[in-house]
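These notes concern the structure reproduced below.
Index from 1, following the sequence.
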Amino acid sequence: MDLVAQYWPFVVGLMITGVCSGVAAGLLGIGGGAIIVPALATALSAMGYDSELVQHVAVGTSLAIIIPTGVVSARSHYKRGSLDSAALKLWLPFIVAGTFIGGLMAGLFSGDVLRIVFAVMAFMIAGNIVFGFQTRLMGHLHGSALTHRISASVVGFISALMGIGGGSLTVPTLVAFGATMHTAVGTSAAIGVAIAVSGTLGFVISGWGVAGLPPLSLGYVNLVALLLVAVLAALCAPLGAALAHKLDQKTLKYVFAGFLVLVGLNMLWKVLAG
């Protein structure tokens, strides 16, 4: 009974995280990592785990959770005709390589470094969505296969360090290259699956044998959190996808930007609060 009393808030918190991340995956074309990472890190910190390990476990587990969520979300968007197969084929090999390298290198960085990377990138992405500077800088390169490949590699690497499915990076990049918001969101959901698989493998390898990890962990991937959050997130992703198609593109952009600013502020607060 004492064990149940100790862990039930953690379990309930993970279930709520699963529902929210699933809706976000379908709505915004993200894997839900922007919700999962801070929520899981907070839960693990509250349970007394080392702050240097908490962010790594949150990021690695988030990537693993994104796999089923991304599959369901991408399938929902594909059925609605909002997935660019040509862009997907161009991005996949390079997104996989960039993410795997990022996952392997994550163990070299402290928890606070990963939090700062997360926050800074969230602010930059939100600013880009509102002010559109990426489109002005890269819009004329939309026909360049090399630009797509470089972008995919960079997006993969950063996504691995953030523990996200890459939607917050992929969506504005595809929009800058001329895709509509709805097509960018749908294609991003599929790309997020490749990011999640490759990044998860990198975090399993880089965290293998590390002392002090939560029970039932494979490297930096915790299997308890993976199961609880992934099931609910996968079930709720179609709800977000349906909602996305009821909103106009301008509204969707501002929802996306506001969401990222809140997440970035939360991460900075964790660094400053120690």
| field | For M124, side-chain contact (heavy atoms from CB on, under 4.5 Å) partners two or more places apart | value |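 Residues passing side-chain contact (heavy atoms from CB on, under 4.5 Å) with M124: V120, M121.
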For [X] versus [Y], what's the shortest heavy-atom pair and its separation?
{"X": "V37", "Y": "Q55", "answer": "CG1-NE2, 3.4 Å"}
{"X": "A41", "Y": "V54", "answer": "O-CG1, 3.2 Å"}
{"X": "S188", "Y": "L174", "answer": "N-CD1, 4.4 Å"}
{"X": "A160", "Y": "G103", "answer": "CB-N, 3.6 Å"}
{"X": "V221", "Y": "G60", "answer": "CG2-O, 3.6 Å"}
{"X": "L44", "Y": "P214", "answer": "CD2-CG, 4.0 Å"}

| query | Who are the side chain to side chain donor-acceptor pair (under 3.5 Å) partners of S153, not counting sequence neighbours? | reply |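 For S153, no residue satisfies side chain to side chain donor-acceptor pair (under 3.5 Å) once neighbours in sequence are set aside.
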| task | Consider only side-chain N and O atoms of T180 and T183, and report whether a donor and an acceptor are under 3.5 Å apart. | result |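 A donor-acceptor contact under 3.5 Å links the two side chains.
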| Close side-chain approach of T187 to T170, heavy-atom, < 4.5 Å |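 They are not in side-chain contact.
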Tell me if a side-chain donor or acceptor on [X] pairs with a main-chain N or O of [Y] at a distance below 3.5 Å.
{"X": "S217", "Y": "L213", "answer": "no"}
{"X": "S198", "Y": "A194", "answer": "no"}
{"X": "N222", "Y": "P215", "answer": "yes"}

| message | Take a 6.0 Å sphere around OH of Y78 and say whether it holds more than 12 heavy atoms from other residues, nucleotides or ligands. | response |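 Not more than 12 within 6.0 Å, no.
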| V117 and F109: side-chain contact (heavy atoms from CB on, under 4.5 Å), yes or no, with the steps? | CA-CA 10 Å; V117 168; F109 303 111; over 6 Å; no
| message | Clusters formed by hydrophobic residues whose side-chain heavy atoms approach within less than 4.5 Å: which one holds V261, and what are its other members? | response |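 Traced through the cluster, V261 reaches F123, L265, L268.
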| request: With rounding to the nearest 0.5 Å, note down the distance linking CG in L63 to CG in L201. | output: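 If I round to the nearest 0.5 Å, the distance is 11.0 Å.
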N/O donor to acceptor pairs below 3.5 angstrom from side-chain atoms of residues 223-235, sequence neighbours left out:
none

| task | Apply ring-ring contact (aromatic ring centres under 6.0 Å, His included) to Y220 and list each qualifying residue two or more places apart in sequence or on a separate chain. | result |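 If we apply the ring-ring contact (aromatic ring centres under 6.0 Å, His included) test to Y220, skipping adjacent residues, the hits are H56.
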Would you be so kind as to tabulate the donor-acceptor pairs closer than 3.5 Å made by side chains of residues 83-102, with sequence neighbours excluded?
residue: D84; atom: OD1; partner: A86; partner atom: N; Å: 3.1
residue: D84; atom: OD1; partner: A87; partner atom: N; Å: 3.2
residue: W91; atom: NE1; partner: H148; partner atom: ND1; Å: 2.9
residue: T99; atom: OG1; partner: I95; partner atom: O; Å: 2.6
residue: T99; atom: OG1; partner: G156; partner atom: O; Å: 3.3

Would a hydrophobic clustering, with Ile, Leu, Val, Met, Phe, Trp and Tyr connected at side-chain separations under 4.5 Å, put [X] with [Y]?
{"X": "L169", "Y": "V197", "value": "no"}
{"X": "V71", "Y": "I66", "value": "no"}
{"X": "L262", "Y": "Y254", "value": "no"}
{"X": "L40", "Y": "V271", "value": "yes"}
{"X": "L53", "Y": "V204", "value": "yes"}

